[in-house]
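The structure appears right after this line, and notes come after that.
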There are 2 protein chains.
Amino acid sequence: MSAYHPLNETEAIEIARKLEGVFQPDAKLACREIGDGNLNLVFHIADPAAQSSIILKQALPYAKVVGESWPLTLDRARIESEALILEGSLAPGLVPNVYLYDPELALTIMEDLSDHVIMRQGLINGTRYPLFAGHISTFLARTLFFTSDLGRNQQEKKLLARSFANPELCKITEDLIFDDPYRDADTNSFDESIRDEAQALWNDGELHLEVALLREKFLTHGQALLHGDLHTGSIFITPESTKVIDPEFAYFGPMGFDIGAVLGNLLLNYAAREGLDDADAEREDYRAYLLNSVTDIWSQFEAKFLALWNESGVDRMANSAPGYKENYMRRLLQDAIGFAGCKMVRRVVGLAHVADIDKLEDAAARERAQRLALRIGKSLIKLNRRVVSIDQLTDAVHSASAAAKA
Amino acid sequence: MSAYHPLNETEAIEIARKLEGVFQPDAKLACREIGDGNLNLVFHIADPAAQSSIILKQALPYAKVVGESWPLTLDRARIESEALILEGSLAPGLVPNVYLYDPELALTIMEDLSDHVIMRQGLINGTRYPLFAGHISTFLARTLFFTSDLGRNQQEKKLLARSFANPELCKITEDLIFDDPYRDADTNSFDESIRDEAQALWNDGELHLEVALLREKFLTHGQALLHGDLHTGSIFITPESTKVIDPEFAYFGPMGFDIGAVLGNLLLNYAAREGLDDADAEREDYRAYLLNSVTDIWSQFEAKFLALWNESGVDRMANSAPGYKENYMRRLLQDAIGFAGCKMVRRVVGLAHVADIDKLEDAAARERAQRLALRIGKSLIKLNRRVVSIDQLTDAVHSASAAAKA
C-alpha cells in the first residue's frame, strides 16, 4: 500500500521539523498553504523567531486547469526534484536549494524564496531587472551544454535521458502548444472579439508547416535536458537575484525550446503594453528595455555556450569539424525564434493565457495587445528557418508593431 | 547470485527439449555450436528424424573484434529479442520467429534459418534476389513508421524509446562509424597501399562537417526504433525469402540510418566488383542489378511509407500540414544517402571491413575496389544535404566509377 496522501498543515510541520540543520528542535513553526491547488500543495513553513523558512511542495495526483481536472502522474515530483538538483549543480545559485525529496509522498522540500517575486508580475509592474539577461543566459548555457552530447559523455547522457522520460507532461505541451491552437479545439480559449484571428490560425497552411516541423523537433530532437516550461511565471526574481523554479516538464528535447520560452514571454509583455496608454512615455522605454533584454539574452547565451564548448567540449567531431559550431548555433537561434513564436500564439488563443495580457481591464486595449501578440508570434514562426541573426527578431517585432498601428 | 554462465551443448539441448510444441519428448536431438565466438554462442539444435530445428543464441559478456576483447552488456540479448518480437509483429515473415527469451541466461531461442544464406555471401556469389527490394522496403517502411511519432501514440513511443536505451552498443557505432575513420585512430585498419586515402579522410574539413552533422543526428534524433546494424551480414536470404536478424544495436534514432545501411552495403558490393576482371560481361550487368535495387528500395520504401502515413497516421499536425510529408521524405532521403556514405567509408579504413572487398585476393584488385568504395562513400556524404532525388545517388555512383577509371 502506498503511503501517499495529500498532507495537511500539521503533517507538513512535522515533516519540516525532522529536517536536519534547518529549524531548532523547539522552534515554534508557522505553516500556510500558499499553492493554487491546481497541481500541487505548497506549504510555507517558518520559524518567525529565527527568521528561517522553507517551502514544502507536494504533487497532487491530478491537474486542474480552468475547471477541468485530469489525472497526472506523481512521478513529476521526482522529475522536478532531480532536475532542480542537477540544474543547481550546473548553474549554482540560479535554482532553489533542495533539502529533501520523498518519493512516497511526492514531496520536495526546498529553499524559501518569499523575498523574490514571480517575474511575470515584476514585468507587469514595470520593474527592470538589469542582471536578468546575465543570469538566465548562464542558466541556459550551462544546463543545456552540460546535459548535451557536446558537454557530457554520450553514454551517460543516454542514461540521464532515460530517467527523464516524461510522457505525460510532454503530452500537455504537444497538445496545448503544438496542436490545439491550429484547429478549432475544445480546449482553446479566446475572446470572441478575436475569432477572426483564431480562424486565420486554423487556416494558415504556411504556418501549419512550420509548426509541424517545430512539433517534430519537440517530439524527436533529444539535444539536452530542458526545463520544459521556462516562462516568466517559472522564474522568481529580484533586481539582484534570479531563481528558476518548477521544472516538472523537464525532459530531453531541443535546446531552442527553453531559450524560446524566455524570449517569447518577454515579448508577450511587450505585446501587452500595446494595451497601455499610447501617450505613456514610459511605455516605449520599457519596450526598448524588453527588446534589449531579448537580444542580450541571446548574445550572452551564444557567447557563454561557445566558451563552454571551447573549454569543455567532449565530442571530438563536434569540437573540430570546420563550420560545425557556426552551423549549430545558427540552428539553435532558428529553433529559439520558432519556439518563441509558438509560445506566444498559444497564450492568446490556447487554453492557458498570461496575466500580462488577460489582466488588461479595458476590452479594446486587451484586444489590441492580443492582436499584436499573435502578429509577432506568427511572424517569428514563419521566419524561423530563414534566421541568421538575432536582429531579424527585433526587425520582425518592430514591423509587427508598426503594422498593428497602421 | 546470477544464474548466468555460458552454456555447453548438453545444457543447450536440455533447454531446447523443454520448449513446448517444438520437439517430440523422445526426440534424439543433435547440437552444434556454430557461432564465431566473438559476441555470442549460437547453437543449432535439430531433430533430424522429424526435420525440425531451432537456433539458441546466448550473449557472451564481452565482445571480441580483431583480437581485442572488451566487456559488453548482456542486456543486449533483451534488446535483441524484444526488437525481434516487435519487428515480427510489424513486419510479419521478415524476421525469425522468437520462441523464448530467458533474461537470466541472456538467451533467445528462435526459428532456424539454415535454408537461407547470409546476403553478403549471396551477393559475393553473384546471386540475384528479385524479391529483396520489395521485402526490405516493407520491413523498413513498417518498422520505422509504426515506431515513430507518425504511426504510434507519442506517449507510448516515449516509453518504448526508454526501454530501448542502448548506450553501450550505440557507442560502438559512434566511435567506429562517426569518429575513428576521420582521425588517425588506433582502431583503424587499412592496407598500407591506400594510406594516402586514409590521410585524405583525416584532413578533409568539408567531409568532417557533414560527418559531424550526421553524427549529431545519430546521437540526438529519436525518430523511430532502428535495427541499428542493417548491413547485408544481418540479412538471411533466398530468392523467395528475406529475414532480418541480429537487431542487438536497436535504439531510437534517425530512420535514414537503417535505410542508408542497406543502400551502402549494396554499393560496397558494387565497389568490390571493381576488383573483378574488366572484360567480365557479367560484371556491369550485376552492377546494374545492384544499382537498380538501390533505387528500387528507396522508391518502394517511399511509396509504402507514404501509404502507411495516409492510412494510419496518428499525428494530426504531421498528417495535415501542407508540404510536410514532402519535406519529411526529402530529409529521409538526404539522411539515407549521408549515412550510406558513412557506412561505406568505415568499411574500408575503419576497424570492421566487409568480405565483399577483403576477400579479393589480388592486392591491386582489392586496392581498386577500396579506392572506388571511398570515392563513392565520400561523394554521398558530401552530397547528402543537397539531395532532392534518388537519381542523384545513381549519378554520383556513375561519376565515381568513371573517375576511378580515368
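In what follows, chains carry the letters A, B, and so on, assigned in the order in which the sequence lines appear, proteins first and then strands, with residues in each chain numbered from 1.
Here the straight-line distance linking atom OH of A/Y328 with atom CG of B/L213 works out to 11.0 Å at 0.5 Å rounding. To the nearest 0.5 Å, atom CG of residue A/N166 and atom CZ of residue B/R162 are 10.0 Å apart.
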Q.
Applying salt bridge (charged side-chain N to carboxylate O under 4.0 Å, His left out) to B/E216 and A/R331, what does each step give before you reach the verdict?
A. CA-CA 13 Å; B/E216 181 191 334; A/R331 286 184 285 129; 2.7 Å; yes

Q: May I have the step-by-step check of side chain to side chain contact (heavy atoms under 4.5 Å, CB included) for B/M317 and A/F178, ending in yes or no?
A: CA-CA 8 Å; B/M317 286 298 290; A/F178 295 113; 5.7 Å; no

Q | From CA spacing to verdict: side chain to side chain contact (heavy atoms under 4.5 Å, CB included), B/Q155, A/E168 | A | CA-CA 7 Å; B/Q155 277 50 62; A/E168 286 192 40; 5.8 Å; no

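Crowding of B/N310 atom CG: a count of heavy atoms from other residues, nucleotides or ligands under 6.0 Å exceeding 12.
With respect to chain B, the highest number of heavy-atom pairs below 4.5 Å among A/A224, A/P167, A/P322 belongs to A/P167. Here B/R183 is the residue among B/R183, B/H208, B/E210, B/Q154 with the most heavy-atom pairs under 4.5 Å with chain A. Ranking B/E174, B/Q223, B/E206, B/E156 against chain A, the residue ahead of the rest is B/E174, based on heavy-atom pairs under 4.5 Å.
Looking at A/D315 and B/L219, their side chains come closer than 4.5 Å, going by heavy atoms from C-beta outward. No side-chain heavy atom of A/K158 sits under 4.5 Å from any side-chain heavy atom of B/K171.
Heavy atoms of B/R215 lying under 4.5 Å from chain A belong exclusively to its side chain. With a 4.5 angstrom heavy-atom cutoff, B/L159 touches chain A only via side-chain atoms. Proximity to chain B (any heavy atom under 4.5 Å) is restricted, for A/K157, to the side chain, taken from C-beta onward. Contact annotation for B/D179: both backbone and side-chain heavy atoms come within less than 4.5 Å of a heavy atom of chain A.
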